[in-house]
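Working notes, beginning with the structure itself.
Chain A is the first sequence line, chain B the second, and so forth, proteins listed ahead of strands; every chain is numbered from 1.
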Amino acid sequence: MTPDDLAIIIARVLNELVASGRLAQFEFGEVVVERPKNREHGDWATNVAMQFAGKAGLKPREFADILAPALEAVEGIESVDVAGPGFINITLAAGAAGSIAKQIVEAGASFGLGDALKGISMNLEFVSANPTGPMHIGGARWASVGDSLARILQSQGAKVTREYYFNDHGAQIDRFARSLLAAARKEPTPEDGYAGAYIEQIAQKVLDGTAEDILALPEAEAQEAFRAAGVELMFGEIKTSMHDFGVDFDVFFHENSLYESGAVQKAIDRLRELGHIFEDDGATWLRSTTFGDDRDRVILKSDGEAAYIAGDLAYYLDKRSRGFDRCIYMLGADHHGYVNRMMAMCAAFGDTPGVNLEIMIGQLVNLVRNGEPVRMSKRAGTVVTMEDLVDIVGVDAARYALVRSSINSMVDIDLALLEKKTNDNPVFYVQYAHARTKQVAVNALSLGVDTSEFEPALLNHPSEEELLAKLIEYPRITAGAAELREPHRVARYLEEVAGAYHRWYDNCRVTPISGGEVETVHRTRLWLNSAAGVVLNNGLGLLGVSAPERM
RNA sequence: GCCCCUAUAGCUCAGGGGAUAGAGUGUCGCCCUCCGGAGGCGAAAGCGCAGGUUCGAAUCCUGCUAGGGGCGCCA
């Protein structure tokens with residue numbers, strides 16, 4: 001019996017009590033069933049008496065005293081107590097909790113899947129770093145969080161497309177191209193250009209990769225040649241480093257294509273039809289203040305060039321036309337000022353901000369070494385890239401360290417700590433627990449413990465009750481992480497599962513002590529051991545972290 | 001000046017209005033005669049400040065303080 005089962009039972013009993021006149025008619029909301037922190041408060045507890053008593057014209061204790069006996073009569077419930085201000089504490093019958101172990105094992109990879117997002121087509125755009133330099137740590141955070149979120153949303157039935165937006169149009173790319181050209185000519189970096197060893201390397205690669213003598217071309221043609229080839233090289237590097245990080249995008253979208261296809265002009269025309277465009281000072285504006293922005297926005301500058309937002313208008317429209325019900329953008333904190341105008345744009349197109357368009361703002365990552373901030377400078381060549389991070393700690397540890405915190409929190413990544421490759425990183429704690437489940441199973445099998453028997457009532461040690469209760473929560477955790485767009489909940493939960501598993505391992509043997517008889521309890525525990533392995537494996541899978549069989 | 005995020009144990013961070021606020025790490029003390037000690041058990045140690053809402057606030061609201069980020073016809 002799971003807490004969700006209990007919630008359904010409680011709702012049913014409440015309806016019956018109302019129908020029979022024991023409770024006055026009242027409208028009740030969601031029934032919350034939680035694991036009490038204190039085990040003396042039973043296996044599960046609900047606060048419905050405190051939530052609904054007022055609506056039913058009763059005091060919480062009175063309400064609880066009516067509900068509790070009715071619940072106690074339900075099959076599988078051992079006892080029900082009313083405590084404190086009106087908590088209803090439920091203790092399950094022996095075996096009612098343990099049966100879940102077998103269900104988990106039999107469900108296997110499908111344990112934890114849900115259908116809350118079934119049929120919803122979602123577009124997740126993340127990373128989208130400019131192709132003008134190596135991937136930085138901030139991009140790595142989004143790669144980790146975005147890909148994990150995609151996996152979690154998929155687990156709840158959503159149809160998810162991972163998308164990367166290449167800003168390969170506009171002034172930054174021009175600066176990038178000029179910088180490459182200058183480097184190839186051994187000239188100093190242009191004013192406001194990009195510097196660094198990587199620029200020289202790319203410039204050299206461009207030269208090596210073309211038969212003709214680019215440097216002999218006229219200025220404009222040479223710059224264009226470096227732009228095209230340089231950007232292509234950067235695309236390749238970004239795709240490779242993302243893939244090596246376990247992140248494979250379904251769509252790499254090129255900003256430039258929006259201009260070449262006329263999509264930008266169409267988007268502006270559409271807004272003009274809707275009456276949200278005006279001209280002033282020789283520029284074309286979006287009247288975004290109509291939709292809550294704090295000022296109107298220029299979309300075509302007075303010199304005729306498109307402002308950055310023009311591409312976003314067309315891009316959003318393009319996503320919607322491709323059938324995405326929900327477009328989720330993941331942006332760094334340095335772009336939070338962009339949220340209002342994006343939401344205004346969404347509303348201007350007639351969509352619903354917050355539904356069709358969601359924007360997640362992630363705080364920046366601080367790199368520190370022994371607690372001291374690491375100063376990063378492209379010029380000084382002290383930029384720490386995503387690849388550096390992976391080289392130091394590996395993909396699993398890097399992804400895990402970046403996904404286990406809320407995106408609302410600034411995260412400190414301490415290089416000195418990670419370089420030690422010690423067990424400071426909790427990912428090892430979780431992975432070790434998984435490896436242990438595998439090795440215990442191997443060992444058990446070799447000693448003749450099989451799965452021919454399952455007697456859930458034997459899973460009655462406190463540490464097995466705790467482990468079972470923790471495992472049962474998994475579907476709720478994944479559903480909650482999907483709904484709230486918070487992958488870190490899965491990581492934190494897995495750490496709790498690992499802890500519960502280690503404590504159980506310490507208390508309850510799956511194999512008999514040497515020379516001992518294999519008993520039903522050992523076979524039953526093998527099921528529980530496997531159930532823990534399933535949850536750890538499934539959960540790590542949602543985070544894009546490997547679940548090794550040995551370490 | 002305005003906007004966003006943050007403030008919880010020595011440190012890094014969890015904590016969706018509920019009962020005695022958790023984990024990792026660090027410190028101190030234990031457990032190697034048995035399935036992996038990358039583990040377990042115990043101890044010390046905390047909600048920035050002031051109000052408010054509520055039966056109940058780390059959580060919601062207001063103000064203050066402190067830190068990070070952002071407020072272009074830049075991208």
Within 45° cone of A/Trp44 ring axis and under 6.0 Å: A/Arg35 NZ or CZ: yes
Would you please confirm or rule out a distance under 4.0 Å between OP1 or OP2 of B/rC71 and any side-chain N or O of A/Arg297? no
Distance check: side-chain N/O of A/His488 vs OP1/OP2 of B/rG15, anything under 4.0 Å? yes
Ignoring the backbone of A/Ala333, work out which of B/rG69, B/rA75, B/rG67 is nearest its side chain. B/rG69
Among the candidates B/rG40, B/rA23, B/rA75, find the nucleotide nearest to the side-chain atoms of A/Glu495. B/rA23
Would you mind telling me which of B/rG36, B/rA75, B/rC73 lies closest to the side-chain atoms of A/Trp285? B/rC73
Can you give each donor-acceptor pair under 3.5 Å made by side-chain atoms of residues 51-66 of chain A, sequence neighbours left out, with the distance rounded to 0.1 Å?
from	atom 1	to	atom 2	distance (Å)
A/Arg61	NH1	A/Gly84	O	2.8
A/Glu62	OE1	A/Lys59	N	3.0

Taking only the side-chain heavy atoms of A/Lys37 (C-beta and beyond), determine which of B/rG36, B/rG39, B/rA19 contains the nearest atom. B/rA19
Please say whether the positively charged group of A/Arg436, taken as NZ for Lys or CZ for Arg, lies over the ring of A/Tyr501, i.e. under 6.0 angstrom from the six-membered ring centre and within 45 degrees of the axis. no
Suppose you measure atom P in B/rU62 against the same atom in B/rG24; what distance do you get, rounded to whole Å? 36 Å
Is there a donor N/O on one and an acceptor N/O on the other, under 3.5 Å, for the side chain of A/Asp312 and the base of B/rA75? no
Indicate whether any N or O donor in one side chain lies under 3.5 Å from an N or O acceptor in the other, for A/Gln172 and A/Asn167. no
Suppose we call a contact any N or O donor and acceptor under 3.5 Å apart; does that hold for the side chain of A/Asn47 and the base of B/rG18? yes
What is the distance, rounded to the nearest whole Å, between atom CG of A/Leu367 and atom C1' of B/rG68? 15 Å
In whole Å, what is the span from the CD1 atom of A/Ile361 to the P atom of B/rG69? 15 Å
Report yes or no: is there a donor-acceptor pair, N or O only, under 3.5 Å between the side chain of A/His336 and the base of B/rG69? yes
With rounding to whole Å, what would you report as the distance between B/rC60 and B/rC4 at their P atoms? 14 Å
With a centroid cutoff of 5.5 Å and a plane-angle limit of 30°, would you call A/His41 stacked on B/rA19? yes
Considering only heavy side-chain atoms of A/Arg489, the closest of B/rC34, B/rG18, B/rG15 is B/rG15
Taken to the nearest whole Å, CG/A/Leu484 to C1'/B/rG15 is 13 Å
Can you tell me if the side-chain N/O atoms of A/Asn366 get under 4.0 Å from OP1 or OP2 in B/rG68? no
Using only modelled atom types and a 3.5 angstrom limit, is any donor from either the side chain of A/Asn38 or the base of B/rU20 paired with an acceptor on the other? yes
Face-to-face contact A/Phe87 to B/rA19 six-ring, under 5.5 Å, under 30°: yes
Whether the side chain of A/Asp281 engages the backbone of A/Ala283 through a donor-acceptor N/O pair (distance < 3.5 Å, no angle test) should be reported. no
Any idea how A/Phe252 and A/Phe166 line up, ring-wise: parallel (<30°), tilted (30 to 60°), or perpendicular (>60°)? parallel
Without hydrogens or angle criteria, can the side chains of A/Ser452 and A/Asp450 be said to hold a donor-acceptor pair below 3.5 Å? yes
So if I take every side-chain heavy atom of A/Ile513 and compare against B/rC34, B/rG69, B/rG40, which nucleotide ends up nearest? B/rC34
Interatomic distance, A/Arg35 CZ vs B/rA19 C1' [rounded to whole Å]: 15 Å
To the nearest Å, give me how far apart NZ (A/Lys470) and C1' (B/rA23) are. 11 Å
Assign the ring pair A/His335 / A/Tyr338 to parallel, tilted or perpendicular, where the plane angle (0 to 90°) is split at 30° and 60°. perpendicular
Nearest-neighbour nucleotide for the A/Asp281 side chain, B/rC73, B/rG16, B/rG70 considered: B/rC73
For nucleotides B/rU8 and B/rG48, find the distance between their C1' atoms and express it as a whole number of Å. 10 Å
Side-chain N,O (A/Ser409) to OP1/OP2 (B/rC5) below 4.0 Å: no
Write down the partner of B/rA23 under the Watson-Crick or G-U wobble criteria, each distance required to be under 3.5 Å. B/rU12
For A/Asn408 and B/rU6, is the shortest distance between a side-chain N/O and OP1 or OP2 below 4.0 Å? yes
What integer number of Å spans the P atoms of B/rG46 and B/rU33? 37 Å
Is the distance from OP1 or OP2 of B/rG40 to the nearest side-chain N or O of A/Tyr432 less than 4.0 Å? no
How many Å lie between CZ on A/Arg550 and P on B/rC35, as a whole number? 16 Å
Starting at atom CZ of A/Arg141, determine the distance to atom P of B/rG69, rounded to an integer number of angstrom. 15 Å
Among the nucleotides B/rA75, B/rC34, B/rG37, which one has an atom lying closest to any side-chain atom of A/Tyr505? B/rG37
By the Watson-Crick or G-U definition, both distances under 3.5 Å, B/rA7 is matched with B/rU65
Among B/rG15, B/rC35, B/rA19, the one nearest any side-chain atom of A/Val440 is B/rC35
What's the closest nucleotide to the A/Ala45 side chain, out of B/rC74, B/rA19, B/rG40? B/rA19
Can you tell me the base-pairing partner of B/rG36? Count Watson-Crick or G-U wobble geometry only, both distances below 3.5 Å, and say none if there is no partner. none
